[in-house]
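Notes follow the structure.
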Amino acid sequence: QVQLVESGGGSVQAGGSLRLSCAASGYTGSRGCMAWFRQAPGKEREGVAVIATSGMPTYADSVKGRFTFSRDSAKSTLYLQMNNLKLGDTAMYYCAADRYTYCPGGSARLEMKWYNYWGQGTQVTVSS
């Protein structure tokens with residue numbers, strides 16, 4: 001059973017930075033899509049970034065140029081570096097993984113329907 005555990009959330013002023021981590025366990029063999037989602041109060045959960053099997057990341061337009069998605073395969077850990085944070089980035093951030101062994105990446109994989117495994121979330125709060 002795949003397990004995902006996020007960490008690194010917190011409170012930061014607008015313009016600041018945070019780095020989220022997602023520790024993944026329970027994998028055997030190749031991995032499919034892994035992604036970050038976020039959900040603000042009263043809003044639907046939205047895809048932030050996905051990383052393909054090739055290692056190529058795809059970002060939502062709202063975070064392009066500010067967020068960087070990376071992975072350390074040796075540590076089975078994903079990272080989301082968030083710079084120049086804005087008030088609109090305030091949300092619970094979730095790590096997600098699908099059950100496939102290959103991920104083509106791309107914006108289509110920023111939809112929740114592809115994902116079978118979810119972490120418990122880590123809160124990011126940006127203040128002015």
Side-chain angles (χ1 to χ4, degrees):
Q1 181 73 11
V2 173
Q3 292 188 326
L4 304 170
V5 179
E6 304 96 334
S7 61
S11 297
V12 64
Q13 288 190 323
S17 299
L18 282 173
R19 189 177 79 157
L20 306 184
S21 299
C22 172
S25 62
Y27 274 99
T28 57
S30 300
R31 300 175 187 180
C33 292
M34 300 195 77
W36 286 97
F37 285 76
R38 67 185 182 186
Q39 188 167 18
K43 294 188 177 182
E44 293 186 354
R45 194 170 296 188
E46 62 175 355
V48 173
V50 58
I51 196 161
T53 299
S54 67
M56 178 69 71
T58 299
Y59 301 96
D61 288 343
S62 58
V63 306
K64 279 180 183 176
R66 301 188 297 120
F67 289 13
T68 302
F69 190 0
S70 62
R71 67 184 177 194
D72 183 333
S73 296
K75 295 182 180 180
S76 296
T77 302
L78 307 174
Y79 302 100
L80 187 68
Q81 177 67 43
M82 306 186 295
N83 297 329
N84 190 22
L85 282 161
K86 303 178 180 181
L87 297 180
D89 295 319
T90 294
M92 185 73 79
Y93 283 72
Y94 298 91
C95 180
D98 70 13
R99 59 182 176 87
Y100 303 106
T101 57
Y102 173 74
C103 177
S107 57
R109 291 301 193 272
L110 290 175
E111 297 179 28
M112 288 181 58
K113 67 180 183 180
W114 297 105
Y115 297 91
N116 309 94
Y117 308 106
W118 296 85
Q120 83 289 349
T122 186
Q123 177 67 37
V124 171
T125 302
V126 183
S127 60
S128 59

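All figures in this text were calculated on a predicted structure; none of them were measured in a lab.
Nearest heavy-atom pair across Leu4 and Gln120 is O-OE1, 3.8 Å. Across every non-hydrogen atom of Gly47 and Ala60, the tightest pair is O-CB, 3.4 Å. Scanning all heavy atoms of the two residues, the minimum distance from Gly8 to Leu18 falls at O-CD2, 4.0 Å. Scanning both residues, Thr122 and Glu6, for their nearest heavy atoms gives CG2-CB, 3.9 Å. Taking each heavy atom of Arg38 and Val63 in turn, the nearest pair found is NH1-CG1, 4.0 Å. Here the shortest heavy-atom pairing between Leu20 and Gly9 reads CD2-N, 3.6 Å.
Checking side-chain atoms of Gln39 against main-chain N and O of Ala91 turns up no donor-acceptor pair under 3.5 Å. At distances below 3.5 Å, at least one donor-acceptor pair connects side-chain atoms of Tyr59 with backbone N or O atoms of Phe69. A distance-only check finds no donor-acceptor pair linking the side chain of Gln81 to the backbone of Arg19 [under 3.5 Å]. Between the Thr58 side chain and the Gly106 main chain, a donor and an acceptor come within less than 3.5 Å of each other. For Trp114 (side chain) and Ala108 (main-chain N/O), a donor-acceptor pair under 3.5 Å exists by modelled atom type. Side chain of Thr53 to main chain of Cys103: a donor-acceptor pair is present (N/O by atom type, distance under 3.5 Å, no hydrogens or angles).
Ala35 pairs by the side chain to side chain contact (heavy atoms under 4.5 Å, CB included) definition with Phe37, Val50, Tyr115, not counting sequence neighbours.
Surrounding CE of Met112 are more than 12 heavy atoms belonging to other residues, nucleotides or ligands, all under 6.0 Å away.
Cluster partners of Tyr79 are absent, since no Ile, Leu, Val, Met, Phe, Trp or Tyr has side-chain heavy atoms less than 4.5 Å from it.
Between Gln123 and Thr90, some side-chain heavy-atom pair lies under the 4.5 Å cut-off. Put simply, the side chain of Asn83 reaches to within 4.5 Å of the side chain of Ser17, judged on heavy atoms.
In this structure, CD1 on Ile51 lies 11.5 Å from CH2 on Trp36, to the nearest 0.5 angstrom. Between the CG atom in Leu85 and the OG atom in Ser11 there is a gap of 11.0 Å [rounded to 0.5 Å].
In the hydrophobic clustering of ILVMFWY residues, with side-chain heavy atoms under 4.5 Å counting as a link, Val48 and Met34 come out together. Residues Met92 and Phe67 do not share a hydrophobic cluster, defined by chaining ILVMFWY side chains whose heavy atoms lie under 4.5 Å apart. Note on Tyr117 and Val5: separate hydrophobic clusters, where clusters join Ile, Leu, Val, Met, Phe, Trp and Tyr whose side-chain heavy atoms are under 4.5 Å apart, directly or indirectly. Hydrophobic cluster membership differs between Val2 and Trp118, with clusters built from Ile, Leu, Val, Met, Phe, Trp and Tyr side chains linked at under 4.5 angstrom.
Between Asp61 and Lys64 there is a salt bridge, since a side-chain N of the basic residue sits under 4.0 Å from a carboxylate O of the acidic one. A salt bridge does not link Asp98 to Arg109: none of the charged side-chain nitrogens sits closer than 4.0 Å to a carboxylate oxygen.
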Given side-chain contact (heavy atoms from CB on, under 4.5 Å), test Val126 with Met82 step by step and report yes or no.
-> CA-CA 11 Å; Val126 183; Met82 306 186 295; over 6 Å; no
